[in-house]
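Read the structure below first, then the notes.
Given the structure is predicted, the values throughout are model-derived calculations rather than measurements. Values below: every heavy atom of this structure, side chains too, minus hydrogens, waters and symmetry copies.
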Amino acid sequence: MKDMENLTTIYDVDRFINSHNLSFIYVSRENCGVCHAVLPRLRELLDHYKDIYLGFVDASQLEEIAAKLSVFTVPALLLFIEGKEYLREARFVHFDELKIKLDSLYELYNE
């Protein structure tokens, strides 16, 4: 399963996004059943993309994340390429579609 870094401050989130060319932020909440079901599937999917780094944010612990990343529901999945957001999925994640989008962006980035 893909390693992930716990991000506990806005500074951590900014640093994470800016220190990796391909960074994926997963925003969850402590009492979100859907969030806990989606995370293992996401980590398995991201195993196929060695250059994508995964960061985890618990919005219960870092409430400012909602304003920082305009996250209004969880789970929220955001892919940043060179610091710019290129992909956003929220609440109901269709993994087949997510994989197609990731494949396309990953291929374009690695050309």
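Separating the NZ atom in Lys2 from the CE atom in Met4 is a distance of 12.5 Å, to the nearest 0.5 Å. Rounding to the nearest 0.5 Å gives a distance of 15.5 Å between OH of Tyr26 and CG of Leu79. Between the CD atom of Gln61 and the CZ atom of Arg29 there is a distance of 9.5 Å, given to the nearest 0.5 Å. Note that the CG atom of Asp103 and the CG atom of Leu108 stand 11.0 Å from one another [nearest 0.5 Å].
Using modelled atom types, one finds a donor on one side chain and an acceptor on the other under 3.5 Å when comparing Tyr109 with Asn21.
The environment of CG in Asp3 is sparse: at most 12 heavy-atom neighbours from other residues, nucleotides or ligands sit within 6.0 Å.
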side-chain contact (heavy atoms from CB on, under 4.5 Å) assessment of Thr9 paired with Glu64: CA-CA 9 Å; Thr9 67; Glu64 307 93 277; over 6 Å; no

Evaluate the side-chain contact (heavy atoms from CB on, under 4.5 Å) criterion for residues Glu89 and Glu97: first the C-alpha distance (whole Å), next the side-chain angles of each, then the deciding distance (0.1 Å), finally the verdict. CA-CA 10 Å; Glu89 298 286 329; Glu97 293 174 20; 5.8 Å; no

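Nearest heavy-atom pair across Leu42 and Leu98 is CD1-CD2, 4.2 Å.
In this structure, Leu102 and Ile52 have side chains that are in contact, with non-hydrogen atoms separated by less than 4.5 Å.
Sorted by first and then second residue, the disulfide bond (SG atoms under 2.5 Å apart) pairs involving residues 69-111 (not counting sequence neighbours) form an empty list. Pairs engaging residues 37-90 under the ring pair (Phe, Tyr, Trp, His ring centres under 6.0 Å) rule: His20-Tyr53, Tyr49-Tyr106 [sequence neighbours left out].
The side chain to side chain contact (heavy atoms under 4.5 Å, CB included) test with Leu62 singles out one residue from Asp12, Thr8, Val13, and that residue is Val13.
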